[in-house]
Engineer: 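Below is one structure. I have some questions about it.
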Amino acid sequence: MGMTMTQKILAAHAGLETVSAGQLINAKLDIVLGNDITTPVAVNEFKKAGFDSVFDKDRVAIVLDHFVPNKDIKAAEQSKQCREFACAHCVSHFYDVGKMGIEHALLPEQGVVTAGDCIIGADSHTCTYGALGAFSTGVGSTDMAAGMATGMAWFKVPAAIRFELKGKLPANCSGKDVILYIIGMIGVDGALYRSMEFTGEGVGSLSMDDRLCICNMAIEAGAKNGIFPVDDTTRAYMKDRCERQPVEYTPDVDAEYERIIEIDLSAMVPTVSCPHLPENTKPASELSNIKIDQVVIGSCTNGRMEDMETAYRVLNGKKIADGVRCIIIPATMQIMRECVERGYVTAFIDAGAVVSTPTCGPCLGGYMGILAAGERCVATTNRNFVGRMGHVDSEVYLASPATAAASALTGYITEAKGE
Amino acid sequence: MKTQGTVFKYPDNVDTDVIIPARYLNTSDAKELAKHCMEDIDTEFVSKVKAGDIMVAGWNFGCGSSREHAPLVIKTCGTGCVIAKSFARIFYRNAINIGLAILECEQAAEEISAGDQVSVDFDTGIIYNVTTGKQYQAEPFPPFIQNIIQKGGLLASLKEA
């Protein structure tokens with residue numbers, strides 16, 4: 001029996017000819033990642049276990065992104081602990097304020113991750129890098145500590161679901177609508193412990209930012225990882241960017257998939273996940289009576305350049321509806337800079353929005369846009385659990401940047417128009 | 001390893017944001033964090049839970065964020081074991097790594113009620129409902145994972161290797 005893309009990467013990193021679903025393996029890691037929330041716990045465990053050095057100072061990435069610039073004294077102490085650890089171990093990929101971005105937008109942008117990699121990150125959205133053809137998965141802080149110390153991690157080789165993409169997205173849809181639609185179809189545990197492998201002729205029509213967004217939310221279906229094959233779009237993105245040589249893996253023709261689900265991209269419609277689970281999806285057009293108080297455009301899911309371009313196209317020359325707070329958060333400093341250079345920031349401010357430095361901030365209810373009881377937000381983020389963005393009686397509706405921006409202008413959930 | 005206690009019952013898809021809301025994650029102090037365990041869906045849990053008590057939940061327990069703070073606060077509150085129909089994969093991994101006892105058993109999770117007295121033998125996977133007199137057998141862990149548990153967590157197991 002052949003192997004899936006994921007299984008081939010895992011076999012290569014475990015030094016095995018073949019692996020099969022369910023097999024327990026020890027695999028070599030290319031990158032071990034942590035952030036300002038998860039790294040302090042990992043550092044404590046690392047020290048408690050008596051380790052005194054990281055396995056490779058160039059293969060550990062620590063990104064301060066959740067609560068920075070520090071939201072309060074305790075957050076400042078956590079950042080300081082990360083900074084001191086990174087400094088003590090000469091961690092080369094340490095990203096502090098000024099260099100930082102939201103980790104899953106930053107690492108691909110900076111070429112720290114590449115095709116064929118085996119990556120763990122102490123953040124559930126580490127699955128994002130599958131868009132580059134890497135195996136990448138979220139773990140906890142203890143796994144991060146063990147990974148930093150040994151450069152290895154144990155995995156149970158996952159079975160897989162294949163999503164066969166065909167056609168091309170309509171102008172008012174993006175990768176976000178695709179992944180919300182899929183989560184709505186299979187549920188928040190529909191891919192539990194499994195890989196989500198995206199293949200088919202439709203892949204070619206998706207941009208890198210679409211693919212990064214789709215893989216980012218694989219965890220919201222319970223998946224271990226999401227992964228795309230490498231094509232010309234990926235190669236063009238990685239060229240002159242990745243610090244290590246990409247390795248391309250394709251699934252065997254007889255690879256075993258538990259399910260094959262065909263997705264017609266041309267049939268997608270702007271989709272919204274209603275409170276309080278990402279699987280509660282509906283077409284945006286059916287929710288036009290939902291009045292909103294806030295819009296957030298940003299996060300590791302949708303804070304990339306294409307997302308900013310979409311927000312600009314919708315908001316430029318228009319006014320945010322009275323009573324709506326619109327918060328726009330470019331995900332990295334490079335994206336922020338480009339938004340400034342292209343005049344997007346001016347257009348956002350003129351429309352009545354605010355623009356923040358990169359941070360995960362409101363996505364996880366940290367700061368920079370917390371909701372009061374009874375308030376509703378349309379957000380391009382990834383989770384709409386109870387209390388996720390603030391008060392337990394607040395509500396988050398997950399949507400694409402186009403739908404979020406269109407909703408900011410009307411004050412109600414509004415289907416994005418194709419432009 | 002055995003535990004016996006009172007059951008706190010929760011639904012499907014209990015996510016790590018309600019187990020420990022992110023607004024408290026500006027510290028990694030487990031005792032400080034544990035004061036807020038489950039508060040967004042059960043404000044009484046922290047004041048009522050006693051050492052050895054048992055959480056019973058539905059499908060996909062611990063979905064969402066990878067925060068290890070989630071199994072850590074459940075353990076720090078004194079919870080002896082979490083029984084669920086299924087666990088989200090990162091939570092499952094984290095629980096094993098930090099030494100929080102968890103068991104997958106669909107029938108037990110379905111039939112056990114809030115307030116029941118339940119005893120669990122973690123080594124055999126036998127769950128006994130003292131209140132109803134009914135016994136269940138949970139899925140055993142693979143030997144590889146049993147080894148991590150017996151060594152006292154992932155880092156301890158690495159040290160011994």
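Side chains included, hydrogens not; waters and symmetry mates left out as well; all remaining heavy atoms used. Naming convention: chains lettered A, B, ... in sequence-line order (proteins, then strands); numbering from 1 in each chain.
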Engineer: Based on non-hydrogen pairs under 4.5 Å, which of A:Asp123, A:Leu277, A:Val139 is most in contact with chain B?
Structural biologist: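 Most pairs with chain B among the choices: A:Val139.
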Engineer: Taking atom NZ of A:Lys28 as the centre, report whether more than 12 heavy atoms of other residues, nucleotides or ligands fall under 6.0 Å from it.
Structural biologist: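 Check fails, neighbour count at 12 or below.
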Engineer: Tell me, for A:Lys156 versus chain B, whether the close heavy atoms (under 4.5 Å) come from the side chain, the backbone, both or neither.
Structural biologist: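 Interface part for A:Lys156: neither.
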Engineer: Do the side chains of B:Ile148 and A:Trp154 get nearer than 4.5 Å, heavy atoms only?
Structural biologist: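 Yes - at least one pair of side-chain heavy atoms lies under 4.5 Å apart.
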Engineer: Quick one: pull up CZ in B:Arg67 and OG in A:Ser141 and give me the separation to the nearest 0.5 Å.
Structural biologist: 11.0 Å
Engineer: Check whether any side-chain heavy atom of A:Val386 lies under 4.5 Å from a side-chain heavy atom of B:Asp17, and answer yes or no.
Structural biologist: no
Engineer: Is it the backbone or the side chain of A:Ile73 that comes under 4.5 Å from a heavy atom of chain B, or both, or neither?
Structural biologist: neither
Engineer: Could you have a look at A:Pro278, A:Ala146, A:Ala149 and say which one has the most heavy-atom pairs with chain B under 4.5 angstrom?
Structural biologist: A:Ala146
Engineer: Looking at side-chain heavy atoms only, is the closest gap between A:Asp143 and B:Arg93 below 4.5 Å?
Structural biologist: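 Yes, close enough: below the 4.5 Å cut-off.
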Engineer: Counting only heavy atoms not in B:Glu32 (residues, nucleotides, ligands), do more than 12 fall under 6.0 Å from its CD?
Structural biologist: yes
Engineer: By a 4.5 Å heavy-atom criterion (distance strictly below it), what part of B:Asp40 contacts chain A: side chain, backbone, both, or neither?
Structural biologist: both
Engineer: Below 4.5 Å from any heavy atom of chain A, which atoms of B:Phe87 appear? Answer side chain, backbone, both or neither.
Structural biologist: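 Both backbone and side chain of B:Phe87 come within 4.5 Å of chain A.
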Engineer: Go through the atoms of B:Ile145 and report whether side chain, backbone, both or neither lie under 4.5 Å from a heavy atom of chain A.
Structural biologist: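 Contact with chain A is through the side chain of B:Ile145 alone.
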Engineer: Side chain, backbone, both or neither: which part of B:Leu25 has a heavy atom under 4.5 Å from chain A?
Structural biologist: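 Backbone plus side chain of B:Leu25, per the 4.5 Å heavy-atom cut-off to chain A.
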Engineer: Heavy-atom distances under 4.5 Å only: say whether A:Val392 touches chain B with side chain, backbone, both or neither.
Structural biologist: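 For A:Val392, the side chain is the part near chain B, not the backbone.
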Engineer: With a 4.5 angstrom heavy-atom cut-off, which part of B:Thr16 approaches chain A: side chain, backbone, both or neither?
Structural biologist: neither
Engineer: For residues B:Asn26 and A:Phe67, report the shortest heavy-atom separation together with the two atoms involved.
Structural biologist: N-CE1, 3.9 Å
Engineer: Looking at every non-hydrogen atom in both residues, tell me the closest pair between B:Gly64 and A:Phe385 and how far apart they are.
Structural biologist: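 Heavy-atom minimum between the residues: CA-CE1, 3.9 Å.
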Engineer: Could you tell me which non-hydrogen atom of B:Thr27 sits nearest to which non-hydrogen atom of A:Lys74, and how far apart they are?
Structural biologist: CB-CD, 4.4 Å
Engineer: Pick one of side chain, backbone, both or neither for A:Glu45, based on which atoms fall under 4.5 Å of a heavy atom in chain B.
Structural biologist: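 Contact with chain B involves both backbone and side-chain atoms of A:Glu45.
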Engineer: A:Leu192 versus chain B, heavy atoms under 4.5 Å apart: side chain, backbone, both or neither?
Structural biologist: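 For A:Leu192, the contact with chain B is made by the side chain alone.
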Engineer: With a 4.5 angstrom heavy-atom cut-off, could you sort out which part of A:Asp72 is near chain B: side chain, backbone, both or neither?
Structural biologist: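 For A:Asp72, the side chain is the part near chain B, not the backbone.
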Engineer: Do A:Val188 and B:Asp15 have side chains that approach each other closer than 4.5 Å (heavy atoms only, starting at C-beta)?
Structural biologist: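 No, side chains not in contact.
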Engineer: How far apart are the closest heavy atoms of B:Pro142 and A:Leu24, and which atoms are they?
Structural biologist: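 Closest approach of B:Pro142 to A:Leu24, heavy atoms only: CB-CD1, 4.2 Å.
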Engineer: Which region of A:Asn44, side chain (C-beta onward) or backbone (N, CA, C, O), has a non-hydrogen atom less than 4.5 Å from a non-hydrogen atom of chain B, or is it both or neither?
Structural biologist: side chain
Engineer: Say whether, by atom type as modelled, one donor and one acceptor occur between the side chain of B:Arg89 and the main chain of A:Ile219 under 3.5 angstrom.
Structural biologist: no
Engineer: Quick one: CD on A:Glu279 to CG on B:Asn60, what's the gap to the nearest 0.5 Å?
Structural biologist: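 The CG atom of B:Asn60 is 8.5 Å from CD of A:Glu279, to the nearest 0.5 Å.
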Engineer: Show the numbers, then the answer: is there a side-chain contact (heavy atoms from CB on, under 4.5 Å) between B:Leu158 and A:Met152?
Structural biologist: CA-CA 11 Å; B:Leu158 287 177; A:Met152 305 286 290; over 6 Å; no
Engineer: Which one, B:Ala30, B:Ala88, B:Ser65, leads in non-hydrogen pairs under 4.5 Å with chain A?
Structural biologist: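 Answer, by heavy-atom pair count under 4.5 Å with chain A: B:Ser65.
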Engineer: With rounding to the nearest 0.5 angstrom, report the CD1 to OG distance, A:Ile120 to B:Ser66.
Structural biologist: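 Spacing of CD1 (A:Ile120) from OG (B:Ser66) equals 10.5 Å.
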Engineer: Kindly compute the distance separating OG1 (A:Thr142) from CG (B:Asn97), expressed to the nearest 0.5 Å.
Structural biologist: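 Here the interatomic distance stands at 5.5 Å.
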Engineer: What heavy-atom pair brings A:Val41 and B:Ser28 nearest, and what distance separates the two atoms?
Structural biologist: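 Closest approach of A:Val41 to B:Ser28: CG2-CB, 3.7 Å.
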Engineer: May I ask you to name which of A:Asn382, A:Thr137, A:Asn70 has the most heavy-atom pairs under 4.5 Å with chain B?
Structural biologist: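 Winner by heavy-atom pair count: A:Thr137.
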Engineer: Report which part of B:Pro71 has an atom under 4.5 Å of a heavy atom belonging to chain A: side chain, backbone, both, or neither.
Structural biologist: neither
Engineer: Please round to the nearest 0.5 Å and tell me the distance separating atom CZ of B:Phe144 and atom CD1 of A:Ile25.
Structural biologist: 9.5 Å
Engineer: Of all of B:Pro21, B:Ser86, B:Ala22, B:Gly153, which one pairs up most often with chain A through heavy atoms under 4.5 Å apart?
Structural biologist: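 Result: the option with the highest number of such pairs is B:Ala22.
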Engineer: Using non-hydrogen atoms and a 4.5 Å limit, figure out which bit of A:Thr126 sits close to chain B: side chain, backbone, both or neither.
Structural biologist: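 Neither; nothing under 4.5 Å.
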Engineer: For A:Ala223, which atoms come within 4.5 Å of any heavy atom of chain B: side chain, backbone, both, or neither?
Structural biologist: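 It is the backbone, since no side chain atom gets that close.
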